[in-house]
Amino acid sequence: MTRYKVAVIAGDGIGPEVIGEGVKVINAAIEKVNLSIEWCRYPFGADHYLSTGELLTEHHLKELKEKDAIYFGAIGDPRVKPGILEKGILLKLRFYFDQYVNLRPVKLYPGVETPLKNKRPEDIDFYVVRENTEDFYVGLGGRASAPTSKMLEVKSGCAKGSKYAIGVSPTCEQAFQIGVVSREGCRRIIKFAFEFAVKKNRKSVTCVDKANVLTEVYGLWREVFEEVSREYPTIEKNYAFVDAITMWFVKNPENYDVVVAPNMFGDIITDLGAMIQGGLGFAAGGNINPEGISMFEPIHGSAPKYKGLNVANPIASILAGMMMLEELGRKHSDSDMFEAAKLIDKAVEIVLKEGKVRTRDMGGSNKTYEMGDAIVEAISKL
Ligand code: NAD
Ligand code: IPM
Ligand code: MN
């Protein structure tokens, strides 16, 4: 029996509740195909930070390097200043493991209600491939109210270690944040998007940017998109400015197959994507380094107001678990892992279609664990 090692960081708020259900469902699926996972739990998050002052240490990162994957809940807590946990834990992990792909499927399952009038599951089924290490996330910025000069360093992505010498003579108090994209950083994500379209048999790849205004950063992004797209003559290529794509997602979601976006725009448009697939309770994502250690998580946050109430929908986390099994299957050429992933997909579909178990976001009154139980039961009958 092959045994995989997966690190679990359940995190804050609803994180532990939804990840608990994810682990339960994954175990049910992999046992059915005679695989097993050793779950290694880590306490990182607000409580751990408030009691020890520790976020993620080099020592822990080295330990995580020995695992096959990371399964992540959510972080963020009203007792901690915004940014500390997000940057110190979640972004640190994405950057340390150079998980440059953030793959976020937007799929409406039958039985789930979308707020879009007259749209059905066949209309809402595409993937957002979000760049995950560069753009406005590279950690370059500062404040200035008096003349200063300093050296800033790019903290993540392919331009990591690049230095920017900044001299400011401010006319008033101000703040700045610099977005950096590199040619290689653009190439690798855009290439992933096209390869993914080929693998999934999809017709088109849509490039999202704001090359009409932020001409430097997204000018390079678009230039690379054009270059890479020429290697794929059979895939249709489309362009959309980020403001327009939010409108198109609502008006004509059926037009999309694979959408590739720079980091920040990818973040924003995937919350909209989540909403059209039924809400944040259904939206899963994978932070992927195809040659390294990948991390899977629901795209929602810690939803602090629902902490401990057991009302959150665990499906986003369960589907993130399914994506993790698919990636483990691909990386280790393990067809049983793919089989287990399919069991989860099928079971989620059955439970949602049946519509008997519905969490609060779905207009029902079932608890988080009742949804998990229903999916486990559906797996046992497959
Ligand atoms: P959020 O995603 O936590 O919640 C927004 C709202 O979405 C919730 O109030 C709830 O109505 C709904 N929702 C989210 N998850 C749900 C679920 N599983 N089931 C049902 N409804 C669900 O976003 P926020 O309120 O902007 O952020 C809260 C905290 O989470 C912040 O600290 C933020 O920085 C952090 N955050 C973390 C991550 C992450 O860990 N990956 C992602 C986004 C936000
Ligand atoms: C997400 C989140 C994160 C991001 C935050 C919490 C750092 O919004 O995963 O979508 O901006 O990527
Ligand atoms: Mn987000």
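Note that these values count all heavy atoms, side chains included, but never hydrogens, waters or copies made by symmetry. Numbering starts at 1 and runs along the sequence shown. Atoms within each ligand, like the ligands themselves, are counted from 1 in listed order.
Among the atoms of D267, an N, O or S atom is found under 2.8 Å from the Mn ion (ligand 3).
At the top of the distance list for atom 8 (O) of ligand 2, counting protein heavy atoms only, stands D267 OD1, 3.2 Å. Distance from atom 5 (C) of ligand 2 to its nearest protein heavy atom, with residue and atom name: L90 CD2, 4.2 Å.
Both V242 and V129 are members of a single hydrophobic cluster when ILVMFWY side chains are connected at heavy-atom separations under 4.5 Å.
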Quick one: ligand 1 N/O to protein N/O pairs below 3.5 Å?
| residue | atom | partner | partner atom | Å |
| --- | --- | --- | --- | --- |
| ligand 1 | 2 (O) | G301 | N | 2.7 |
| ligand 1 | 3 (O) | G301 | N | 3.3 |
| ligand 1 | 3 (O) | S302 | N | 3.2 |
| ligand 1 | 3 (O) | A303 | N | 2.8 |
| ligand 1 | 18 (N) | H300 | NE2 | 3.2 |
| ligand 1 | 18 (N) | N313 | O | 3.0 |
| ligand 1 | 19 (N) | N313 | N | 2.9 |
| ligand 1 | 30 (O) | I75 | O | 3.4 |
| ligand 1 | 30 (O) | S302 | N | 3.1 |
| ligand 1 | 30 (O) | S302 | OG | 3.3 |
| ligand 1 | 32 (O) | E86 | OE2 | 3.1 |
| ligand 1 | 34 (O) | E86 | OE2 | 2.4 |
| ligand 1 | 40 (O) | I75 | N | 2.9 |
| ligand 1 | 41 (N) | E297 | OE1 | 3.0 |

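When the heavy-atom distances from atom 9 (O) of ligand 2 to E297, E86, R94 are ranked, the shortest goes to R94.
Any N or O atom pair closer than 3.5 Å counts here, and Y137 shares at least one such pair with ligand 2.
Applying the 4.0 Å criterion to heavy atoms of R104 picks out, from ligand 2, the atoms 1 (C), 9 (O), 10 (O).
By the 30° and 60° cut-offs, the orientation of the rings of Y4 relative to H332 is perpendicular. Taking the six-membered ring where tryptophan is involved, the planes of F44 and H48 are perpendicular, since the angle between them exceeds 60° and thus also 30°. Ring geometry for F126 versus F249: interplanar angle of 30 to 60°, hence tilted. Ring pair Y71/W39 is tilted by interplanar angle, where 30° to 60° counts as tilted.
Taking 4.0 Å as the cut-off, H300 does not count as a neighbour of ligand 2 on heavy-atom distance.
For Q277, the side chain to side chain donor-acceptor pair (under 3.5 Å) test picks out no residue, with sequence neighbours left out.
Using a 4.0 Å cut-off between a side-chain N of Lys or Arg and a carboxylate O of Asp or Glu, E227 and R187 do not qualify as a salt bridge. A salt bridge links K210 to D243: one of the charged nitrogens lies within less than 4.0 Å of a carboxylate oxygen.
The cationic atom of R183 (NZ for Lys, CZ for Arg) does not lie both less than 6.0 Å from the six-membered ring centre of F225 and within 45° of the ring axis.
What you find for A374 and V351 is that their closest heavy atoms are O-CG2, 3.6 Å.
Of all the heavy atoms of M264, none lies under 4.0 Å from any atom of ligand 2, so neither backbone nor side chain is involved.
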